[in-house]
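One structure below.
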Amino acid sequence: MVARRKVAVVGAALSDCGRVDDATPYALHAQAARRALADAGLDRTLVDGFASAGLGTLAPVEVAAYLGLRPTWVDSTSVGGSTWEVMAAHAADAIAAGHARAVLLVYGSTARADVRAGRRTGTLSFGTRGPLQFEVPYGHTLIAKYAMAARRHMIEYGTTIEQLAEVAVQARANAALNPEAMFRTPVTVDEVLAGPMIADPFTKLHCCVRSDGGAAVLLAAEEYLRDCRTPPVWVLGAGECVSHAAMSEWPDFTVSPAAVSGRLAFERAGVRPSEIDVAEIYDAFTYMTLVTLEDLGFCAKGEGGAFVEKGRLRVEGGELPVNTDGGGLSAQHPGMRGLFLLVEAVRQLRGECGQRQVRRGDGTLPRLAVASGTGGWFCSSGTVVLGVG
């Protein structure tokens with residue numbers, strides 16, 4: 001039996017993000033990919049694995065061709081925002097088994113610029129076929145699904161709108177430390193509550209920003225680390241789970257598939273949630289952060305509201321810094337944001353985050369991070385545990 005190789009993230013980078021009116025999605029893919037390869041210090045000829053989703057008719061084929069790659073291992077898994085954590089798990093397994101040397105994950109989107117230029121509308125539609133045909137005629141939009149789930153949690157556990165607003169407030173506090181974040185001006189709970197209603201109970205600041213941007217992550221087998229310019233961030237464990245297609249099939253609106261993907265990731269990594277130093281969690285809406293914290297085991301079910309209202313999510317003074325770049329609520333959200341979670345987690349573990357750098361109680365750099373992505377309307381989840389040393 002061939003021994004499984006250890007796998008590390010050796011390169012992580014973002015393209016230009018935020019307001020990018022003069023680039024195509026392909027250009028953002030290429031920019032992020034070049035920067036990730038430069039970050040690793042590896043030549044692209046080593047890359048024999050490629051993963052992409054969300055662009056073109058045949059995403060990994062078209063994007064790989066644009067980048068000048070001819071991979072012998074590909075992945076086009078598309079499960080919404082959790083796509084990239086799931087792809088990272090697949091890539092790590094492929095490298096560990098000897099099916100690839102180095103795998104590049106890359107994403108790019110001009111979601112904001114397209115709306116401004118009239119190339120698309122602001123309404124996200126997943127179509128009207130299959131199970132969705134029973135929901136779409138009633139105006140059941142993506143945000144309405146999340147809003148319904150949030151309201152259920154409020155009814156079941158007494159979670160308050162002020163507690164949900166705290167997620168947005170603390171994300172903005174973290175963004176204030178990030179010079180690349182789209183929105184950095186601090187906000188208060190009252191300001192979040194006073195915003196225009198989007199879908200009850202969510203006002204505007206409960207919802208993610210719309211931005212342009214791209215991201216890339218390069219994973220490689222342990223024998224190539226000697227050629228890298230950056231210290232390795234090891235993939236310790238990962239898990240994935242899909243839950244439901246229609247809301248009527250979701251057994252419990254207060255439990256996300258992260259309850260399964262998180263348990264698997266922590267078990268496979270051999271660590272406990274209490275050992276995690278920093279968490280990057282998908283946050284298209286404030287409720288996503290709160291319920292994912294519960295489902296990953298950082299607090300008990302129903303206690304997410306009390307957990308977040310104590311300021312625990314802040315880089316400065318927080319017990320569990322969450323979405324340290326400002327997250328999708330304040331930093332950037334160009335669509336399927338899961339890859340941005342991995343980039344930020346890697347940068348935090350390598351100590352590259354400047355003013356927003358997380359430090360442990362003894363002043364040392366963080367050693368364990370978790371990135372957990374969510375797809376669709378809590379339809380899927382992918383969780384990856386990363387570590388250094």
side-chain contact (heavy atoms from CB on, under 4.5 Å) partners for Arg314, two or more places apart: Val169, Gln170, Ala173, Asn174
Check: Thr83 side chain, Gly80 main-chain N or O, donor-acceptor pair, under 3.5 Å: yes
Show every donor-acceptor pair shorter than 3.5 Å between a side-chain atom in residues 235-247 and any protein atom, with sequence neighbours excluded, or say none if there are none.
{"from": "Glu240", "atom 1": "OE1", "to": "His90", "atom 2": "NE2", "distance (Å)": "3.2"}
{"from": "Glu240", "atom 1": "OE2", "to": "His90", "atom 2": "NE2", "distance (Å)": "3.2"}
{"from": "His244", "atom 1": "NE2", "to": "Trp377", "atom 2": "O", "distance (Å)": "3.1"}

Nearest-0.5 Å distance that lies between atom CG in Asn323 and atom CG in Asn178: 11.5 Å
Flag side-chain contact, heavy atom, 4.5 Å: Val103 against Leu218: no
Heavy-atom check, side chain of Val384 versus side chain of Leu386, under 4.5 Å: yes
Salt bridge (charged side-chain N to carboxylate O under 4.0 Å, His left out) contacts in which one or both residues fall within residues 74-96, not counting sequence neighbours: Arg4-Asp93
Ring center gap for Tyr146 and His206 short of 6.0 angstrom: no
Beyond-backbone contact of Tyr107 with Pro334, side-chain heavy atoms, under 4.5 angstrom: yes
Short side-chain to backbone donor-acceptor contact, Glu352 and Arg347, under 3.5 Å: no
Sequence neighbours excluded and cut-off under 3.5 Å, please list the side-chain donor-acceptor pairs for residues 48-67, or say none.
{"from": "Asp48", "atom 1": "OD1", "to": "Arg101", "atom 2": "N", "distance (Å)": "2.8"}
{"from": "Asp48", "atom 1": "OD1", "to": "Ala102", "atom 2": "N", "distance (Å)": "3.2"}
{"from": "Asp48", "atom 1": "OD2", "to": "Arg101", "atom 2": "N", "distance (Å)": "3.1"}
{"from": "Glu62", "atom 1": "OE1", "to": "Tyr26", "atom 2": "OH", "distance (Å)": "2.8"}
{"from": "Glu62", "atom 1": "OE2", "to": "Thr57", "atom 2": "N", "distance (Å)": "3.0"}
{"from": "Glu62", "atom 1": "OE2", "to": "Leu58", "atom 2": "N", "distance (Å)": "3.3"}

Side-chain heavy-atom pair Val79, Cys379 within 4.5 angstrom cut-off: no
Sequence-distant partners of Glu223, side-chain contact (heavy atoms from CB on, under 4.5 Å), two or more places apart: Arg5, Ala221, Arg226
Pairs satisfying salt bridge (charged side-chain N to carboxylate O under 4.0 Å, His left out), at least one member in residues 200-209, at least two apart: Arg151-Asp200
Distance in Å, Cys17 SG paired with Asp212 CG, rounded so as to fall on 0.5 Å steps: 8.5 Å
Lys/Arg-Asp/Glu bridge criterion (N-O < 4.0 Å) met for Glu316, Arg356: no
Under 3.5 Å, sequence neighbours excluded: what are the donor-acceptor pairs made by side chains of residues 366-374?
{"from": "Arg367", "atom 1": "NH2", "to": "Val388", "atom 2": "O", "distance (Å)": "3.3"}
{"from": "Ser372", "atom 1": "OG", "to": "Thr383", "atom 2": "OG1", "distance (Å)": "2.9"}

Phe307 six-ring face occupied by Arg312 cation (under 6.0 Å, within 45°): yes
Beyond-backbone contact of Leu205 with Val187, side-chain heavy atoms, under 4.5 angstrom: yes
Worked verdict on His153 versus Thr159 for side-chain hydrogen bond (donor to acceptor under 3.5 Å, both in side chains): CA-CA 6 Å; His153 199 281; Thr159 306; 2.7 Å; yes
hydrophobic_cluster_shared for Leu142 and Leu164, side chain cutoff 4.5 Å: yes
Polar side-chain atom of Arg337 near backbone of Gln332 as donor-acceptor pair, under 3.5 Å: yes
Side-chain (Ser15) to main-chain (Gly214) donor-acceptor, under 3.5 angstrom: yes
Test: Asp39 and Arg350 ion pair at under 4.0 Å: yes
Chi angles and distances behind the side chain to side chain contact (heavy atoms under 4.5 Å, CB included) call for Ile198, Thr203: CA-CA 5 Å; Ile198 305 299; Thr203 54; 5.7 Å; no
Ile95 backbone acceptor or donor facing Trp73 side chain under 3.5 Å: no
Members besides Phe183 in its Ile/Leu/Val/Met/Phe/Trp/Tyr cluster (side-chain heavy atoms under 4.5 Å): Met182, Val209
Rounded distance [0.5 Å steps], CG in Leu320 versus CG in Leu293: 6.5 Å
Could you list the donor-acceptor pairs under 3.5 angstrom formed by side chains in residues 27-38, with sequence neighbours left out?
{"from": "His29", "atom 1": "ND1", "to": "Pro25", "atom 2": "O", "distance (Å)": "2.8"}
{"from": "His29", "atom 1": "ND1", "to": "Gly108", "atom 2": "N", "distance (Å)": "3.4"}
{"from": "His29", "atom 1": "NE2", "to": "Gly108", "atom 2": "N", "distance (Å)": "3.3"}
{"from": "Gln31", "atom 1": "OE1", "to": "Asp16", "atom 2": "N", "distance (Å)": "2.7"}
{"from": "Gln31", "atom 1": "NE2", "to": "Asp16", "atom 2": "OD2", "distance (Å)": "3.3"}
{"from": "Arg35", "atom 1": "NH1", "to": "Leu14", "atom 2": "O", "distance (Å)": "3.0"}
{"from": "Arg35", "atom 1": "NH1", "to": "Asp16", "atom 2": "OD1", "distance (Å)": "3.4"}
{"from": "Arg35", "atom 1": "NH2", "to": "Asp16", "atom 2": "OD1", "distance (Å)": "3.0"}

Qualifying salt bridge (charged side-chain N to carboxylate O under 4.0 Å, His left out) pairs with a residue from residues 172-186, counting only residues at least two apart or across chains: none
Pairs where residues 298-309 contributes a residue and the test salt bridge (charged side-chain N to carboxylate O under 4.0 Å, His left out) is met, not counting sequence neighbours: Glu294-Lys301, Asp295-Lys301
Donor-acceptor under 3.5 Å (Gln357 side chain, Gly354 main chain): no
Any side-chain heavy-atom pair of Glu344 and Cys353 under 4.5 Å: yes
Backbone of Arg360 reached by a side-chain donor or acceptor of Thr364 within 3.5 Å: no
Whether Gln348 side chain and Ala345 backbone form a donor-acceptor pair below 3.5 Å: no
Sidechain-backbone polar pair: Asp283 side chain, Gly328 backbone, donor-acceptor under 3.5 Å: yes
Partner set under side-chain contact (heavy atoms from CB on, under 4.5 Å) for Asp190, not counting sequence neighbours: Thr188
Side-chain touch Phe253/Phe378, heavy atoms, less than 4.5 angstrom: no
Contact check, side chains of Thr141 and Lys145, non-hydrogen atoms, under 4.5 Å: no
